[in-house]
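Scroll down for the structure; my scribbles are underneath it.
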Amino acid sequence: MRFSRMLLPTLKESPADAEVMSQRLMVRAGMIKKVAAGIYEILPLGLRVLRKVENIVRQEMDRAGAAEVSLPVVIPSELWKESGRWDKYGPELLRVRDRHNREFCIGPTHEEVITDMVRGSVRSYRQLPLNLYQIQTKFRDEIRPRFGLMRGREFVMKDAYSFHADERCAEAEYKNMLEAYTRIFQRCGLEFRAVEAESGAIGGSFSHEFMVLTDTGEDEVAACGSCEYAANVERAEVRPPVDKEPSLSEKSINPIESVSTPGKKTVEQVSAFLGVEPAALIKTLIYDTDKGPVAALVRGDLELNEMKLARVFDVSDVALADEETVSDVTGAPSGFAGPVGLKIPIYADYSLLGMCGAVTGGNEADTHIRNVLPGRDFEATYCDLAFARTGDGCPRCEGTLTLRRGIEVGHVFKLGTKYSESMGATILDANGKERPMIMGCYGIGIGRTAAAAIEQNHDEAGIIWPPGLAPFAVEVLVIKVKDETSMSAAEGIYNELTEAGVETLFDERNVRAGIKFKDADLIGIPVRITIGERNLAEGLVEVKVRATGEENKVKVEDTVTEVQRLLKELGG
RNA sequence: CGGGGCGUGGCGCAGUCUGGUAGCGCACCUGCUUUGGGAGCAGGGGGCCGGAGGUUCGAAUCCUCUCGCCCCGACCA
């Protein structure tokens with residue numbers, strides 16, 4: 001491809017609204033251009049990269065036994081009403097009407113459509129399993145799109161759906177997809193972890209997020225340094241402490257006493273006022289549940305994870321109780337709740353085990369109490385309630401967890417029968433009994449993967465593409481276009497490379513060398529061949545590796561073989 | 001949805017407070033010089049100042065409404 005024939009508007013300055021590096025570099029490298037919040041035009045260079053990701057995904061999905069389909073972007077509301085999601089999905093679902101005033105939505109995901117496709121034509125367990133995927137543009141009307149392609153409203157996604165006659169088969173496919181995803185992201189040249197997103201109650205986990213580890217990710221991941229355990233911080237479990245022997249100080253601790261703490265409600269205020277560490281406080285939160293109000297306790301320096309609390313009660317959601325409920329159950333305004341003397345069920349985080357002489361609310365306005373000893377002064381059910389932190393114990397081994405940021409680029413999820421049941425996608429099993437198909441779904445954000453690759457692979461000068469995703473393998477750069485010798489040598493090398501099947505960008509623009517060098521670094525093509533008069537006089541050209549800066553002079557006639565050797569070495 | 005900020009040429013911005021015929025840098029066009037890391041000089045083209053209404057002799061500037069964009073938070077998975 002000739003540079004001059006390609007729309008490749010590089011920018012010297014960064015766009016004002018770009019928050020993260022990948023977005024800045026994609027805009028500056030002329031890959032994307034924003035047209036509206038979360039909606040982008042993809043320019044030729046950008047598309048080439050997206051196609052690289054797509055093709056890797058396609059190859060690995062095919063290799064894993066999945067078949068590609070194409071599903072509609074515009075989906076009739078009936079399908080979504082069947083599954084019940086038309087009412088549940090909320091404003092993120094973009095709804096439109098056609099000229100006959102019929103309702104449709106722009107597909108944000110395609111469980112309904114794929115289920116509809118399969119339910120008509122699959123009637124027997126003999127026709128299963130199936131795994132169908134598509135690579136397609138989707139739309140989610142995100143509240144706050146940001147970070148360029150990382151969190152757009154319109155975005156390209158690979159989504160796959162599998163159908164099975166029994167659980168074992170569904171689980172096998174789940175593993176199959178985990179392996180396929182691992183291959184995909186390896187080929188993309190990314191540092192990533194498959195992270196448990198949700199643990200099944202009975203062994204194993206059936207939701208994994210593939211997280212690319214970077215400093216700018218939107219999600220926080222707790223990963224064990226010693227084993228494979230990794231989980232979204234919102235779900236990450238913490239190893240329960242071994243039972244603590246009561247220490248001497250515990251035995252000899254003084255009885256509780258009240259202290260006046262006028263207007264001191266928050267942990268910071270109370271710890272500052274009393275001159276104790278936040279970790280010496282017990283935070284008491286009153287929550288509303290189906291079973292009435294409960295108290296949840298965590299150590300003062302930790303944060304309660306509502307999801308963990310919800311899981312204790314096996315509900316999808318818990319909410320902090322309102323002011324009225326708090327004063328009803330504690331007899332005090334919020335900010336002064338404490339476990340001592342409470343009549344409602346008390347759930348305490350493991351972090352309370354071994355605490356002694358703690359400070360808690362006094363269940364009385366402007367009052368706290370100290371010398372509180374769990375077990376002596378109140379009883380509680382102990383469980384894992386706090387957000388995991390760096391240094392916490394791994395739940396699976398003796399190692400410790402470290403928190404890192406990550407970008408979710410893929411998600412593998414066992415769906416079960418939610419859609420097949422509501423939409424009547426059933427088969428007859430070997431006994432002639434009708435049962436819903438068991439489904440799984442598997443997504444990969446294409447644009448997000450490309451963005452994540454940039455987050456992980458760039459320097460001050462620009463992008464450094466992993467060979468697998470590079471828009472071109474090689475860039476041929478002529479210093480002086482007007483010099484006929486240079487130009488004909490460059491043309492020769494360019495043609496040879498192209499004929500050898502090496503994707504080559506030929507920068508034959510009639511601009512100063514400096515501009516071309518800067519653009520080459522910015523665009524980040526792995527290998528650059530520079531053709532200048534001086535070297536050419538000795539029959540040489542320069543071959544430079546973008547990632548390492550390593551540079552070699554090569555004989556003109558050896559260029560193509562040398563480049564091919566280099567590319568092989570780089571893993572392209 | 002709450003709070004804050006910004007809309008001025010393709011991009012980045014000044015001008016707005018204190019109304020008086022729209023400016024700078026980059027990019028673009030022409031010429032000359034230059035030519036291995038975003039050149040210099042000279043000349044030039046391009047802007048319904050986001051939109052509507054109002055105040056005024058006169059509005060980018062003041063007032064009202066509106067649309068869009070960005071940031072923080074809440075929401076969402």
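Letters A, B, ... are given to chains in the order of the sequence lines, protein chains preceding strands, and every chain is numbered from 1. Only this structure's heavy atoms are used, side chains among them; waters, hydrogens and symmetry mates stay out.
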Base-pairing mate for [N] - Watson-Crick or G-U, with both contacts under 3.5 Å:
N	value
B:C28	B:G44
B:U56	none
B:G7	B:C67
B:G2	B:C72
B:A14	none
B:G36	none

If you check the [X] side chain, which of [options] turns out closest?
X	options	value
A:K518	B:C76, B:C71, B:G38	B:G38
A:L522	B:C76, B:G36, B:G38	B:G38
A:N535	B:C69, B:G36, B:C71	B:G36
A:D219	B:G36, B:A77, B:C70	B:A77
A:R534	B:C76, B:G36, B:G38	B:G36

Separation of atom [atom1] in [X] from atom [atom2] in [N], rounded to whole Å:
X	N	atom1	atom2	answer
A:F517	B:U35	CZ	P	15 Å
A:E542	B:G37	CD	P	11 Å
A:D17	B:C13	CG	C1'	14 Å
A:D141	B:C75	CG	P	19 Å
A:D507	B:G36	CG	C1'	13 Å
A:M487	B:G36	CE	C1'	17 Å
A:L320	B:A74	CG	P	13 Å
A:I143	B:C70	CD1	P	14 Å

A:R95/A:E103 ion pair, N-O < 4.0 Å: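 No, no charged N to carboxylate O under 4.0 Å.
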
SB check A:E142 A:R151 (cutoff 4.0 Å):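 Salt bridge present between A:E142 and A:R151.
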
Polar atom pairs between nucleotides 23-29 of chain B and protein, under 3.5 Å, N or O only, would you list them?
{"residue": "B:G25", "atom": "N2", "partner": "A:E13", "partner atom": "OE1", "Å": "3.0"}

Indicate whether the side chain of [X] and that of [Y] have a donor and an acceptor atom separated by less than 3.5 Å.
X	Y	answer
A:E112	A:S83	yes
A:T109	A:E111	yes
A:N535	A:E542	yes
A:E173	A:S162	no
A:D159	A:Y161	yes
A:H208	A:Y181	no
A:E306	A:Y287	yes
A:S334	A:E323	yes
A:E154	A:T137	no
A:R24	A:S22	no

Donor-acceptor pair present, A:R528 side chain and B:G37 base, under 3.5 Å: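 Indeed, a donor on one side and an acceptor on the other fall under 3.5 Å apart.
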
Geometric cation-pi criterion, A:R140 with A:F155: 6.0 Å, 45°: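 No, A:R140 does not sit over the ring of A:F155.
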
Quiz item: cation-pi between A:R396 and A:Y229, 6.0 Å / 45°: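 Relative to the ring axis of A:Y229, which defines the angle, A:R396 lies outside at least one limit.
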
Contact nearer the 5' end of RNA chain B, comparing A:S14 with A:F147: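 Here A:S14 is the residue nearer the 5' end.
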
Residue whose nearest RNA chain B nucleotide is more 5′ - A:A36 or A:I531: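 Upstream on the strand: A:I531.
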
Using a 4.0 Å heavy-atom cut-off, does [X] contact any base of the nucleic acid, only the sugar-phosphate backbone, or nothing at all?
X	value
A:R140	nothing
A:D483	nothing
A:K544	base

Close N/O contacts between protein and nucleotides 2-7 of chain B (under 3.5 Å):
none

A:K33 side-chain N/O to B:C11 phosphate OP1/OP2 under 4.0 Å: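 A:K33 to B:C11 OP1/OP2: no side-chain N or O under 4.0 Å.
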
[atom1] atoms of [N] and [M], separation to the nearest Å:
N	M	atom1	answer
B:A27	B:G36	C1'	23 Å
B:G12	B:G47	C1'	16 Å
B:C71	B:A52	C1'	28 Å
B:U55	B:U61	P	15 Å
B:G46	B:C41	C1'	22 Å
B:G53	B:G20	C1'	23 Å
B:U34	B:G10	C1'	27 Å
B:G50	B:A59	P	15 Å

Polar atom pairs (N or O), protein with nucleotides 31-34 of chain B, under 3.5 Å:
{"residue": "B:U34", "atom": "O2", "partner": "A:R512", "partner atom": "NH2", "Å": "3.0"}

Aromatic centroids of A:F413 and A:F206 separated by under 6.0 Å: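 No, they do not, as the ring centres are separated by 6.0 Å or more.
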
